[in-house]
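Whatever order the structure lists them in is the order used to number ligands and atoms, beginning at 1.
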Amino acid sequence: MKKILITGGAGFIGSHVVRRFVNQYPDYHVFNLDALTYAGNLENLRDVEDASNYTFVKGDITDAAFLDALFAEHDFHGVIHLAAESHVDRSISDPLAFVVTNVLGTVNLLNAARKAWKGDLENHGATNRLFYHVSTDEVYGELHDPNEFFLETTRYDPRSPYSASKASSDHFVRAYHSTYKMPVVISNCSNNYGPNHFPEKLIPLMIHNIMQNKPLPVYGEGENVRDWLYVEDHARAIDVIFHKGRRGETYNIGGHNEWKNLDLVLLLCKIMDEKLGRPQGTSEQLITYVTDRAGHDLRYAIDATRLKTELGWEPSLQFAEGLEKTVDWYLTNQEWLTNVTSGNYQKYYEEMYGN
Ligand code: NAD
Ligand code: DAU
């Protein structure tokens, strides 16, 4: 059985990746390494927690000694690295936390893999191993020309502490490829949405606040544009790239699905009014324009042609269907929302696993 290490598997995207790998690949043993920060919780993986090919490991990627011991104990065939601090607004108030987890944590993980895979790296470039780094389109900065898209060759231009930390981690991954022949692959994805998304991010925050009749904070004038992809489509792209991606290569992943924030919030209001049996127009009255995010990137838009032509991946879900599935999930999982916003799950898992 091949052992695969997935970091950040208790978070939003990571939980969908873990579920996919556990269910699709019975010949892999999936190790989910997660520190269970405010953003990670094992409720996201209830349905696979008893699978015989799944093991949860509570641990912190900033702890190098712990990682070395884990790699010494298990001969990992591959690493899929998602663990990160992921929220731009938090990075603006506490940049250093992003440097520590996203940069130092990634370098620790690269070092642990390098030590454990030393023989393979020296002998034949470790073609039987893979270090897959999951990154973001935010490393490319912002777009102004509506006809422009982010390509894999677009110059890095991170503009927030979050994207600067992710850009830095991408550079380290590439540097380990050139310097130590570490077999790596990187993907840079656009905004994800779907079940289990922590309600600090735009879509789940709006759904949560509409349910609670709370203000819907739109930054600036709501003119910023994001390219939205359903989270299971991202997990499928990661699967394809993990298995077929070329070593040393970068793949952009995106939904070709651009929305201005205000239009998206209005659409969510419409869907929620319908679902909650409220008269149309009720929820949009909750929209409140608030001070803009500092350095707010205007537009992200991915060109995912390489992934399509080389590896045959395309998004499968239309946005209308994906949003409906997402809204339905939050409506039937209100207890999850209460528990993540109150920190109940965090307390529960701290008692179970310790701090
Ligand atoms: P998330 O915040 O929902 O989850 C992050 C997970 O990492 C959590 O489970 C958390 O407990 C864990 N974690 C944090 N610090 C850790 C540490 N020091 N050690 C071990 N585990 C730790 O994030 P997400 O939205 O699922 O994003 C996952 C990855 O995908 C990130 O690397 C992010 O940069 C990238 N990404 C996200 C998006 C998006 O739209 N959400 C898009 C493109 C790329
Ligand atoms: O592009 C990929 C990135 O997408 C990921 O790398 C990040 O981890 C992920 O958080 C996401 O970053 P964004 O900053 O684009 O996502 P967020 O949901 O925070 O915001 C989406 C847009 O909505 C952005 O233009 C800011 C705006 N916004 C956000 C919030 C939370 C609001 O107008 N009001 C809000 O309350």
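Between Tyr38 and ligand 1, no pair of N/O atoms sits closer than 3.5 Å. Note: an N/O pair closer than 3.5 Å links Asp137 and ligand 2 by distance alone. Residue contacts with ligand 1: Asp60 is placed with a nitrogen or oxygen under 3.5 Å of a nitrogen or oxygen of the ligand (distance criterion only). For Ala83, no nitrogen or oxygen atom sits less than 3.5 Å from a nitrogen or oxygen atom of ligand 1, counting backbone and side chain alike. At under 3.5 Å, a nitrogen or oxygen of Pro217, whether backbone or side chain, sits near a nitrogen or oxygen of ligand 2. Ligand 1 has a nitrogen or oxygen under 3.5 angstrom from a nitrogen or oxygen of Lys166. Looking at ligand 2, you'll find an N or O of Tyr219 within less than 3.5 Å of one of its N or O atoms. Considering backbone and side-chain N/O of Gly11, one or more are found under 3.5 Å from N/O of ligand 1. Taking any N or O of Asn191, backbone or side chain, at least one lies under 3.5 Å from an N or O belonging to ligand 2.
A salt bridge between Lys118 and Glu122 is present, with a side-chain N of the basic residue lying under 4.0 Å from a carboxylate O of the acidic one. Between Asp328 and Lys275, at least one side-chain N (NZ, or NE/NH1/NH2) sits under 4.0 Å from a carboxylate O, which counts as a salt bridge. The pair Lys58-Asp34 fails the salt-bridge criterion, with no side-chain N (NZ, NE, NH1 or NH2) lying under 4.0 Å from an Asp/Glu carboxylate O. Taking a cutoff of 4.0 Å between a charged side-chain nitrogen and a carboxylate oxygen, Lys201 and Asp89 do not qualify as a salt bridge. Comment: Lys115 engages Asp68 in a salt bridge, judged by a side-chain N to carboxylate O separation of less than 4.0 angstrom. No salt bridge links Arg19 with Glu232; every basic N to acidic carboxylate O contact stays at or beyond 4.0 Å.
Within the structure, the closest approach of Tyr162 to ligand 1 falls below 4.0 Å when heavy atoms are considered. Ligand 2 lies out of reach of Lys166, whose nearest heavy atom is not under 4.0 Å from it. For the pair Thr7 and ligand 1, no heavy-atom separation below 4.0 Å is found. Ligand 1 has at least one atom lying under 4.0 Å from a heavy atom of Ser190. Every heavy atom of Gly105 sits 4.0 Å or more from the atoms of ligand 1. Distances from ligand 1 to the non-hydrogen atoms of Gly59 include at least one value under 4.0 Å.
Heavy atoms of Asn192 found under 4.0 angstrom from ligand 1 belong to the backbone as well as the side chain. Looking at His81 against ligand 1, nothing comes within 4.0 Å, counting heavy atoms. Neither the backbone nor the side chain of Phe66 has a heavy atom within less than 4.0 Å of ligand 1. With a 4.0 Å cut-off on non-hydrogen atoms, Leu36 touches ligand 1 through its backbone and not its side chain.
Comparing Ala35, Ser135, Cys189, Ala97 against atom 44 (C) of ligand 1, the shortest heavy-atom distance belongs to Ser135. Closest heavy-atom approach to atom 14 (C) of ligand 1 among the candidates Gly8, Ala10, Ala84: Ala84. One option in Gly194, Ser86, Gly254, Ser169 has a heavy atom closer to atom 23 (O) of ligand 1 than any other, and that option is Ser86. Here the shortest heavy-atom distance to atom 12 (C) of ligand 1, taken over Asp34, Thr62, Ile13, belongs to Asp34.
Two rings, from Tyr54 and Phe21, have their centers 6.0 Å or more apart. Taking the six-membered ring for Trp, Phe149 and His256 have ring centres closer than 6.0 Å. In this structure, the ring of Phe56 has its center no less than 6.0 angstrom from the ring center of Phe31.
Remark: minimum distance from atom 27 (C) of ligand 2 to any protein heavy atom is reached at Asn261 ND2, 3.4 Å. The closest protein non-hydrogen atom to atom 25 (O) of ligand 2 is His296 NE2, 2.6 Å. Nearest protein heavy-atom neighbour of atom 31 (C) of ligand 2: Glu200 O, 3.2 Å. Remark: minimum distance from atom 8 (O) of ligand 2 to any protein heavy atom is reached at Ser86 O, 2.7 Å. In terms of protein heavy-atom proximity, atom 21 (C) of ligand 2 is nearest to Leu202 CB, 3.8 Å. Ranking the protein heavy atoms by distance from atom 14 (O) of ligand 2 puts Arg293 NH1, 2.6 Å first. The nearest protein atom to atom 12 (O) of ligand 2, hydrogens excluded, is given as Glu138 OE2, 2.7 Å; this is a heavy-atom distance.
Between Tyr349 and Tyr345, the ring planes are tilted. Angles from 30° to 60° get that label. Note on ring orientation: taking the six-membered ring where Trp is involved, the planes of His243 and Tyr28 are parallel (angle under 30°, cut-offs 30° and 60°).
With Tyr193 as the partner, the ring pair (Phe, Tyr, Trp, His ring centres under 6.0 Å) test is satisfied by one option alone out of Trp329, Trp259, Tyr330, Tyr230: Tyr230. In summary, of the residues considered (Val340, Leu337, Leu205), a side chain to side chain contact (heavy atoms under 4.5 Å, CB included) with Phe198 occurs for Val340 alone. A side chain to side chain contact (heavy atoms under 4.5 Å, CB included) with Arg299 holds for exactly one of Glu142, Glu223, Lys260, Glu258; it is Glu258.
With hydrogens and angles ignored, the 3.5 Å screen pairs a side-chain donor or acceptor of Asp233 with a backbone N or O of Leu317.
Between Ile253 and Asn188, the closest side-chain pair of non-hydrogen atoms is not below 4.5 Å. A heavy-atom distance below 4.5 Å is found between the side chains of Tyr251 and Glu310.
For the residue pair Tyr38 and Arg90, a side-chain donor N or O sits within less than 3.5 Å of a side-chain acceptor on the partner.
Set against the non-hydrogen atoms of Tyr300, the atoms of ligand 2 under 4.0 Å away are 1 (O), 15 (O).
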